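It should be emphasised that the depicted structure is a prediction, and the values quoted were computed from it without experimental measurement. In what follows, every heavy atom counts, from backbone to side chain, and hydrogens, waters and symmetry copies are set aside.
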Amino acid sequence: MNAPATTELPVVVIGAGPAGLAAAAHLLDQGIEPLVLEAGPAAGAAVREWAHVRLFSTWGEVVDPAAEKLLAPTGWTRPDPATYPSGGDWAEQYLQPLADVLGNRVRLGATVTGVSRSGRDRIVDADREQQPFVVHFTHADGREERVFARSVIDASGTWATPSPAGGSGLAALGERAAADRITYRVPDLKDPAVRARYAGKRTAVIGSGASAFTSLAYLADLAKSQDGTGTKGVWILRRGISGSTFGGGEADQLPARGALGLAAKAAVDEGHADAVTGFRTEQIERDSDGRLVLVGEDGRRLDPVDEVIVLTGFRPDLSFLNELRLGLDERLQAPVELAPLIDPNQHSCGTVYPHGHRELSHPEPGVYLVGMKSYGRAPTFLAMTGYEQVRSVAAAIAGDLASADRVELTLPETGVCGGAGLFDAPSAQEADGGGCCAPTPQLVQLGTPVAVGAAAEEAPAGGCCGS
């Protein structure tokens, strides 16, 4: 079958999450038909998997203007802009109504398996840019289908590909074998079955971002509850603890984000969690009782734990884009023009400059990675960043370059540093005015003294970002 003329085709949007649905709204605002392909059974499928977690952004910051314009004729009104939705609130009160308005432009249970140029694999140059895109996907029942597109916006996110516990970016030895005791998500301790899994247990939390803070706070709350006596967290950090480890605190312009760090600090200070620093997991073993023993690259063996929560970030799944010519940074796997703006090796506290279609473009014209996926392995993505991205991209696809280039984005400042950073580079100590240092691997005990695999030492003071 011959592909139809490119100008007659829709723009395929991969993913019906916040960025994907906003992209569809902006495309319609430009007079372009979108076709949204969502692998999950409902709009915002990934968001629904962390429905129990409260956002640190308010309703005023997580509703896209074009989406709100599309919803207005239905009588939809934005919830109180000063309040904080949970993931479940965001999905049910905003994403689902937006998907409903888009109607059959959103196809659920549609997993994209490949994207290419029609009749051209990635090595063929001839007339390449004149060919439409062809997108292959499978339905939930296994049926395969293909559609043609004038452009492709990949807003599929990174939720399905969490990073492993291993400190080298690879799964630790024994990590897969211990899968029954490991989760890569913030546990929902309001679920009785999940609560029973962690109540009275010793749980390692690996990670240093907002998700780790949340998990530590949840475990502390469980420890203080009547049914949680004996619950204990062991916080595993790849670097050290300092004043910036717990984020911006009261200085964070997103107050709820700052509060997360303060809650994690309280969990440690009150003795509900012990902290182990400078520990890069190399192996996970089982002891004779079936409990897990974490072994570090330096040979340290921690006391056994019952469960492990791995919250070391996410990475993009690029497998279905393999026939496209993408320009990705070799470290972050983000678009090469965007990477320097978000690189945690350079931006110690999450400073992000305005960016749009030009920074998101690739050697393959007409394809864009947006939303969390555009950040590759970089952390700390905010919804308002994605909304501005898709506004610019939709305008560029429509040919309105004046609007597409008029990118304006002001993000709240934070003390939260992202990513692993140059944790072992001598020069990193002076980077960004002394923002990050490289502490010697050590065990730290804060709060109520309880030994964790070795003698306790005092955490060093200073300006190093936690990892």
Side-chain angles (χ1 to χ4, degrees), residues 165 167 172 178 181-183 186-187 189 197-225 228-247 249 260-287 289 291-312 423 439-462 464-467:
R181 297 289 187 93
I182 301 176
T183 184
V186 175
L189 297 185
R197 176 175 176 176
Y198 296 96
K201 304 293 179 60
R202 182 177 170 86
T203 299
V205 178
I206 305 176
S208 64
S211 294
F213 293 166
T214 302
S215 293
L216 290 166
Y218 282 3
L219 290 172
D221 287 343
L222 178 58
K224 290 181 279 190
S225 68
T229 302
T231 303
K232 187 75 174 184
V234 181
W235 189 17
I236 312 297
L237 297 104
R238 292 172 179 169
R239 284 185 289 179
I241 284 184
S242 73
S244 61
T245 295
F246 300 97
L260 279 178
L262 295 177
K265 185 176 188 301
V268 175
D269 288 344
E270 294 168 7
H272 299 302
D274 301 325
V276 180
T277 67
F279 190 92
R280 306 183 71 80
T281 307
E282 183 175 75
Q283 189 165 356
I284 300 176
E285 301 176 351
R286 286 186 190 267
D287 68 6
D289 296 324
R291 302 176 81 199
L292 302 182
V293 176
L294 274 60
V295 182
E297 291 179 350
D298 57 3
R300 279 185 293 163
R301 301 170 64 86
L302 303 185
D303 290 343
V305 296
D306 301 286
E307 300 285 342
V308 178
I309 301 172
V310 179
L311 300 167
T312 53
F423 58 87
T440 302
Q442 61 186 296
L443 174 76
V444 172
Q445 174 61 51
L446 302 181
T448 305
V450 178
V452 186
E457 293 182 30
E458 185 131 340
C464 193
C465 309
S467 177

For [X], which residues count as a side-chain contact (heavy atoms from CB on, under 4.5 Å) partner, sequence neighbours excluded?
X	value
A199	L222
A220	A267, H272
P304	D287, R291, V293
S215	V186, P187, V205, I309, L311

Query raised in the report: Got a sec, which residues hit side chain to side chain donor-acceptor pair (under 3.5 Å) with E307, two or more places apart in sequence or on another chain?
Result: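 Residues passing side chain to side chain donor-acceptor pair (under 3.5 Å) with E307: R197.
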
Query raised in the report: Partners of S225 by side chain to side chain donor-acceptor pair (under 3.5 Å), sequence neighbours excluded?
Result: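 S225: side chain to side chain donor-acceptor pair (under 3.5 Å) contacts with R195, D227.
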
Look up atom [atom1] in [X] and atom [atom2] in [Y], then write down how far apart they are to the nearest 0.5 Å.
X	Y	atom1	atom2	answer
L294	L302	CG	CG	5.5 Å
R181	R286	CZ	CZ	5.5 Å
D298	F279	CG	CZ	6.5 Å
I236	S208	CD1	OG	12.5 Å

Looking at every non-hydrogen atom in both residues, tell me the closest pair between [X] and [Y] and how far apart they are.
X	Y	result
R300	T277	NH2-O, 3.3 Å
T281	A165	CB-O, 3.7 Å
W235	A212	NE1-CB, 4.2 Å

Check: [Y] and [X] side chains under 4.5 Å, non-hydrogen atoms:
X	Y	answer
T183	Y198	yes
L189	D221	no
K232	D274	yes
T312	R238	yes

